[in-house]
Amino acid sequence: MDFLTLFGIYVAVVLTCIALVCKYSGHQQTPLGLLLDKFTGIVSPWIPQCLQSICYRTMHRLFHQRNNFFLYLHLLLEVVVYGEFSYEVFGICLDMGTSSISLCIPYVLLAVKSYLFYLCCSRDPGTLTKANHTAELKVYQYDEKLFQQGVKCSTCQLVKPARSKHCRVCNRCVQRFDHHCVWVNNCIGAQNTRYFLLYLLSVCAMAGNIAVLTADMLLQAVLRTGLLHAHYIDEQGEQQPAGPLFIIQHLFLTFPKIVFMLGFLIFVFFLLAGYSMFHMYLALINQTSNEWFKGKGHNCQHCHPYSAHNCWTSYNPFRGFYHRGILKNLGEIFWPLCPVEKKEN
């Protein structure tokens, strides 16, 4: 099996995993989620009903019920990446003159990320209970668009505070609900959004740092072996200069595990960098991803997400109902608002 075939399989598997996460994590309107829907509609008539039932139950178990599968998968991927980095890349980089301080940075980032990951998994996101319900009703005002006063949660039988939502995975109402994250097996809400943002940034830094060190090692290997000026004999027996594709294939054959690890790290970095930028944008405008998805079409009183009529008025996200200024918005993330209770004399 040649390099291009393996690379094609690698890309197909990665895109399929992304599409599955998009479809079954509650954000079905993403491009990959819609593409998976179309593909499923075409293929499903050819798949036996029993197999479809097994796939449905498996996906429901993974994405709509609390489980530790993605926690273990997260740790497994981490062990594989750091195992490969420590076993091969670390020693080669030392031999090539990379400083020890640079090679120790990934382990420092790993420690920071592990602590933030623990906080995301273990800290309460802001669960609404009968004990704190009355106080939480006073934290945010109702905008009477996305959140109406007096609406009761049909499951918890509690009046919903503004910006709260019932999580069907955790089976609880969460204050300032953002989303349920399968990777930390927990909801992201008022009390742990700060940890989640820092966790995303730490994973981006970790993946980017290891990717840079690995890419530098491969580049040094190419320069030291003189591949940039090398030639090879093609199938017609003619001498050809070694181009980029030849160099990549040579690296793949010489360092197969390292090349696959680098490709995975680059993919993770750009994926999480985009996701981190999205959540940082939401933090700056004091909006949750739940409100962002629900708010499409609610920017104008004449617009509706399911109607054909849309106004051409400009939308300024920094004039949202809960926007309090960039600094105060960020302060609300890192120091969540608490209800002010009057002291009884």
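For this chain, numbers begin at 1 and follow the sequence in order.
With no hydrogens or angles considered, a side-chain donor-acceptor pair links His166 and Asn171 at under 3.5 Å.
Applying the 6.0 Å contact sphere to CG of Leu327 captures no more than 12 heavy atoms from other residues, nucleotides or ligands. The neighbour count for Gln65 CD, taken as heavy atoms of other residues, nucleotides or ligands under 6.0 Å away, is above 12. Around atom CG of Leu253, more than 12 heavy atoms belonging to other residues, nucleotides or ligands sit under 6.0 Å away. Heavy atoms of other residues, nucleotides or ligands lying less than 6.0 angstrom from CZ of Phe278 number more than 12. The environment of Tyr107 atom OH is dense: over 12 non-hydrogen atoms of other residues, nucleotides or ligands sit within 6.0 angstrom.
Side chains of Leu284 and Leu330 form a contact here, defined as non-hydrogen atoms less than 4.5 Å apart. In this structure the side chain of Ser289 reaches within 4.5 angstrom of the side chain of Asp178, judged on heavy atoms. Using a 4.5 Å cut-off on side-chain heavy atoms (C-beta onward), Leu94 and Ser100 make contact. Side chains of Val182 and Phe69 form no contact here, defined as non-hydrogen atoms less than 4.5 Å apart. Contact check for Thr214 versus Glu84: no side-chain heavy atoms found under the 4.5 Å cut-off. Between Leu213 and Pro106, some side-chain heavy-atom pair lies under the 4.5 Å cut-off.
Note: Asp216 CG to Ser102 OG = 9.0 Å, rounded to the nearest 0.5 Å. For the atom pair CG (Asn290) and NE2 (His180), the distance works out to 14.0 Å, reported to the nearest 0.5 Å. Between Asn192 atom CG and Leu198 atom CG the span is 11.5 Å, to the nearest 0.5 Å. Here the straight-line distance linking atom CG of Asn132 with atom OG1 of Thr129 works out to 3.5 Å at 0.5 Å rounding. In this structure, CD on Gln149 lies 8.5 Å from CG on Leu137, to the nearest 0.5 angstrom. With rounding to the nearest 0.5 Å, the separation of OG in Ser99 from CD1 in Ile105 is 7.5 Å.
In terms of the salt bridge (charged side-chain N to carboxylate O under 4.0 Å, His left out) criterion, residue partners of Arg163 (sequence neighbours excluded) are, by chain and number, Glu291, Glu332. Residues passing the salt bridge (charged side-chain N to carboxylate O under 4.0 Å, His left out) test with Asp124, sequence neighbours excluded: Arg172.
Not one N or O on the side chain of Ser53 forms a donor-acceptor pair closer than 3.5 Å with the backbone of Gln49. Distance alone, capped at 3.5 Å, is enough to place a donor-acceptor pair between the Asn186 side chain and the Arg123 backbone. The closest donor-acceptor contact from the side chain of Arg66 to the backbone of Asn185 lies under 3.5 Å.
If you chain together hydrophobic residues whose side chains sit under 4.5 Å apart, Val212 and Leu218 never meet in one group. Val79 and Leu109 fall into different hydrophobic clusters, where Ile, Leu, Val, Met, Phe, Trp and Tyr residues are linked whenever their side-chain heavy atoms come under 4.5 Å apart, directly or through other members. Phe177 and Leu200 fall into different hydrophobic clusters, where Ile, Leu, Val, Met, Phe, Trp and Tyr residues are linked whenever their side-chain heavy atoms come under 4.5 Å apart, directly or through other members. Using a 4.5 Å cut-off between side-chain heavy atoms of Ile, Leu, Val, Met, Phe, Trp and Tyr, with links allowed through other members, Met277 and Ile326 fall into different hydrophobic clusters. Hydrophobic cluster membership is shared by Phe85 and Leu77, with clusters built from Ile, Leu, Val, Met, Phe, Trp and Tyr side chains linked at under 4.5 angstrom.
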Passes side chain to side chain contact (heavy atoms under 4.5 Å, CB included), Phe255 versus Val89? Steps please.
CA-CA 10 Å; Phe255 310 103; Val89 179; over 6 Å; no
What do the steps show when you test Met217 against Ile258 for side chain to side chain contact (heavy atoms under 4.5 Å, CB included), and what is the final call?
CA-CA 10 Å; Met217 183 273 288; Ile258 295 177; 3.5 Å; yes
List the steps and the verdict of side chain to side chain contact (heavy atoms under 4.5 Å, CB included) for His74 and Phe117.
CA-CA 10 Å; His74 174 280; Phe117 179 69; 3.9 Å; yes
Given the rule in the side chain to side chain contact (heavy atoms under 4.5 Å, CB included) test, do Asn329 and Tyr322 qualify, once you have shown the distances and angles that lead to the verdict?
CA-CA 9 Å; Asn329 291 343; Tyr322 298 106; over 6 Å; no
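In this structure, Phe293 has its ring center at least 6.0 angstrom away from the ring center of His179.
Nearest approach of Arg224 to Asp95, heavy atoms of both residues: NH1-O, 4.3 Å. Looking at every heavy atom in both residues, Tyr82 comes nearest to Leu110 through OH-CB, 3.5 Å. Of all heavy-atom pairs spanning Ala162 and Tyr142, the tightest one is N-CE2, 3.5 Å. Nearest heavy-atom pair, Leu158 versus Leu128, reported as atom, atom and distance to 0.1 Å: CD1-O, 4.4 Å. For the pair Glu78 and Ser114, the tightest heavy-atom approach, listed with the atom from each and the gap, is OE1-OG, 4.4 Å. Between Phe321 and Gln141, the shortest heavy-atom distance links the atoms CE2-O, 3.8 Å.
Across Lys160, Arg176, Gln175, a single residue satisfies side chain to side chain donor-acceptor pair (under 3.5 Å) together with Glu136, and that is Gln175. Among Tyr199, Phe196, Phe70, Tyr72, the single residue meeting the ring-ring contact (aromatic ring centres under 6.0 Å, His included) criterion with Trp183 is Phe70.
Classification of the Tyr275-His279 ring pair by plane angle, with boundaries at 30° and 60°, yields perpendicular.
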